[in-house]
Amino acid sequence: MKSTAFFLAAAAAAAVHACDKEHHFRHHERHLHVQQPRSQLDDIGASKRVFPPALTAHERVLIDSFDNTTVASWSRYYTHKRNLAGESDIVPKWTAERWGEYGFETRLDSYYVYLDYPVHQSLALHYGNGSMWEASLEEEVLEEDETTGYSDRVPAFHGYSGSGNVSAEYVYVGRGSQQDFHRLQSLGITLAGKIALAKYGGPFRGLKVKNAQAVGMIGAILFTDPGDDKTMIPPTYPTYPHGPARNPTSIQRGSVVDLSAYPGDPTTPGYPSKEGSERADTGTIPRIPSLPLSWVEARPLLVALNGCGVDAETVGRSNWVGGIEGVEYSSGPSGARVSMRNMMRGEMKWIHNTVGIVNGTDGDEVVIVGNHHDAWMIGGAADPHSGSAILVETARAIGALLKTGWKPKRTIVLCSWDAEEYGLVGSTEWVEEYIPWLKDSVVSYLNIDVGVAGTIPDFGASPDLHALTTATAQKVIWPHGNNRTVYDAWEEKAGEIDGLGAQSDYAAFVHRAGIASIDMGTTRAPTDPIYHSHSNFDSFHWMTTFADPGFVMHKSIGQFLTLMLFHLVDDEVLPLEPANYGVEMRAWFQELEQLVSEANATADVQLSALDDAVSVFEDSAREFNGQRAMANSSAALRAVNHKARDFGRAFIGQGGLPGRDFFQHLIFAPGIDTGYRPVMFPGVTEQVAAGKLALAQEYVGKTAKAVLAAASILRS
Ligand SMILES: *[C@@H]1O[C@H](CO)[C@@H](O)[C@H](O)[C@H]1NC(C)=O
Ligand SMILES: *[C@@H]1O[C@H](CO)[C@@H](O)[C@H](O)[C@H]1NC(C)=O
Ligand SMILES: *[C@@H]1O[C@H](CO)[C@@H](O)[C@H](O)[C@H]1NC(C)=O
Ligand SMILES: *[C@@H]1O[C@H](CO)[C@@H](O)[C@H](O)[C@H]1NC(C)=O
Ligand SMILES: *[C@@H]1O[C@H](CO)[C@@H](O)[C@H](O)[C@H]1NC(C)=O
Ligand SMILES: *[C@@H]1O[C@H](CO)[C@@H](O)[C@H](O)[C@H]1NC(C)=O
Ligand SMILES: *[C@@H]1O[C@H](CO)[C@@H](O)[C@H](O)[C@H]1NC(C)=O
Ligand SMILES: [Zn+2]
């Protein structure tokens, strides 16, 4: 135990600086810009107030084709076998067969990538008094939930983690954000040479490990904290499998690669991983070992820190205190030590993306739909197989429409990605291989990953897809409540469309190719069953018992996806709304102005060039809408459709963001210390936040230039 006097002094000294350190930066909070479909898009919103929604004959075929019983059968298949990335091509081949049966021309696009696998994981706590306790690192095997007991079940580990044995004192570091570490340092806690104990939530897990490594820590343990389950806790609610609350042994597996630097195979940054490809260092993989832990096994470690180091109140960071009983969330260290061992085996492996194609009559416009098929556990009923099951059913619905003689104008490409979980590997390598074709032809990329994990429809999308999203949501019946559509359920509980960070396979499409994209699914309401992310309890049994009995939300989300795809491939007028980029950019610009002003940087960072560029964009988008409304020949329509397809390419700035070449979209990017959540005008915003004002000014110029280039594509 440390002397109290030392810590009081350190805390007092730190308090003086605390306000600078704690300052900013705010991420873009989601805006509500529900777009009323307008001009030639009126037809897709016509059904708004009618219930049941009015549908065209083609829409009716698609909607009626969706069957919760077949969806359930696809889910059962996917959730009962091990499909960790790089281990087998059985699942992608099965997917190709199903899609083939419904009229898609299929193939596997395979890449030769670096992956790693767990060899030995252990963690022991050594109390100062000679006693020790060893963690099991295992999730409970449940009689009710058969896949939790499969003998080939996947151990709990971190993908792309550092190998090593370390033994040291440890420090509780909150969520493990840069600010958390800086706060502890400012309070006089020595971090170098110690092990970080961080809770999940907030920054992407790989960034927690990266941040720990950056301050000289030698290992990281990431645990799930039931405080983040808010009110969905015992004794009000029993724990899974007896009720909807979290099973205390649930462990969140996951990748710890540095996703805000570079997704994809770490050994081939910027180019596809072929068998003979040149290989770079695995610089985005942490050097220090890390392990995931359940809350029940994190408790002894946290209890041993009670009263040691800095107390939670002194740290004073929001969300620092979690919900584990008997834990004070003191920082430590305490004299207790952890020895942890994480032995990983790195290997070159084949991964397999399933690709299914139906040619459009107009081959120079393409719509891609994707989800991933690799999973961290046997199960994955929500992540990713609610998406996998929906995608097979989508193929079946399109097949039903093809049988009526319908042909899509634009080409449909379905993709089932491999190795998403390690770092969006399958999709990133594929985009890197096909980028010229993608930039020339792709109209939109529709992503579904966690298709169903709660009862609130949830969308993240580029601004030009907002109108189509809300219009489509109004055409699909939601299974819960009386006479409600997906739109009603979304508007009541979410009502906002998120921006796009790097949470799933849309990342390369957006950030490398500037393609209009959406990520869709559902998220939890506070009273929904806990979704055990990346745990054995994300299982078929959990899905059928708690999350979506009857697969009724699978059906709705699938219908939504399919109608959105249908309009994107079938409508004469491409249903994209470039003008909404103007609306969003104006709002983000105002936030940026405020950030610059709060940072007292108005003298060094002059935003007028960006302000003017956004105005030019707004004017050009209005002009474009006029041109589109008057397009009266197929040549004129084709020209406006191509502009709507192409203007977003201009947001891609050659060279990317400072220090991260991969992320080239100058309007939004995953936050450098969030990974998941997007930051708007990232080149400027993040440099202002970091105090690098000259660089921020440089990015004002680059961003303005990109916005003007997008405007000129619309106007030309
Ligand atoms: C050592 O300390 C731990 C934690 O306080 C306690 O559980 C254990 O019984 C102690 N062992 C001995 C030998 O005193
Ligand atoms: C870790 O420790 C084990 C035995 O405890 C040993 O076999 C292994 O070689 C060690 N690995 C490293 C990298 O030190
Ligand atoms: C689809 O188009 C591609 C490229 O033009 C062509 O190679 C392929 O044979 C076509 N497939 C079908 C089924 O027509
Ligand atoms: C739901 O819609 C149906 C069909 O339009 C209508 O008959 C019924 O009254 C509606 N129910 C409610 C609760 O609004
Ligand atoms: C499909 O939905 C119906 C009606 O909601 C339900 O009775 C049936 O059990 C569901 N099928 C499956 C396989 O869950
Ligand atoms: C900006 O200036 C004001 C007034 O001088 C000061 O109170 C504030 O702390 C400064 N903010 C930053 C981030 O430097
Ligand atoms: C089509 O639009 C063009 C340009 O707006 C106009 O000059 C032309 O008269 C229109 N043609 C018809 C048939 O409406
Ligand atoms: Zn996923």
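Worth saying up front: this structure is predicted, and the values here are computed from it rather than measured. For ligands, and for the atoms within them, numbers begin at 1 and follow the listed sequence.
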### Those atoms of ligand 6 less than 4.0 Å from some heavy atom in Asn600
1 (C), 2 (O), 3 (C), 8 (C), 10 (C), 11 (N), 12 (C), 14 (O)
### Task
Give the numbers and elements of all ligand 1 atoms closer than 4.0 Å to a heavy atom of Ser131.
1 (C), 8 (C), 10 (C), 11 (N), 12 (C), 13 (C)
### Message
Quick check: do Leu693 and Gln687 have side-chain heavy atoms less than 4.5 Å from each other?
### Response
no
### Message
Check for me whether the distance between the ring centres of Trp320 and Tyr172 falls short of 6.0 Å.
### Response
yes
Report all N/O contacts between ligand 3 and the protein shorter than 3.5 Å as a table of atom names and distances to 0.1 Å; if there are none, say 'none'.
residue: ligand 3; atom: 2 (O); partner: Asn359; partner atom: OD1; Å: 3.1
residue: ligand 3; atom: 2 (O); partner: Asn359; partner atom: ND2; Å: 2.4
residue: ligand 3; atom: 11 (N); partner: Glu105; partner atom: OE1; Å: 2.8
residue: ligand 3; atom: 11 (N); partner: Asn359; partner atom: ND2; Å: 2.8
residue: ligand 3; atom: 14 (O); partner: Asn359; partner atom: ND2; Å: 3.3

### Message
Does ligand 1 come near enough to Asn129 that some N or O of the ligand is less than 3.5 Å from an N or O of the residue?
### Response
yes
### Query
Would one find more than 12 heavy atoms of other residues, nucleotides or ligands at under 6.0 Å from atom CD of Glu134?
yes
### Greater than 12 external heavy atoms within 6.0 Å of Glu572's CD
no
### Query
Tyr200: what forms a side chain to side chain donor-acceptor pair (under 3.5 Å) with it, not counting sequence neighbours?
His158
#### Entry: Gap between atom CG of Leu568 and atom CD1 of Ile368 - 0.5 Å precision
12.0 Å
#### Entry: Inter-residue atom distance Met340.CE - Ser167.OG, 0.5 Å rounding
11.0 Å
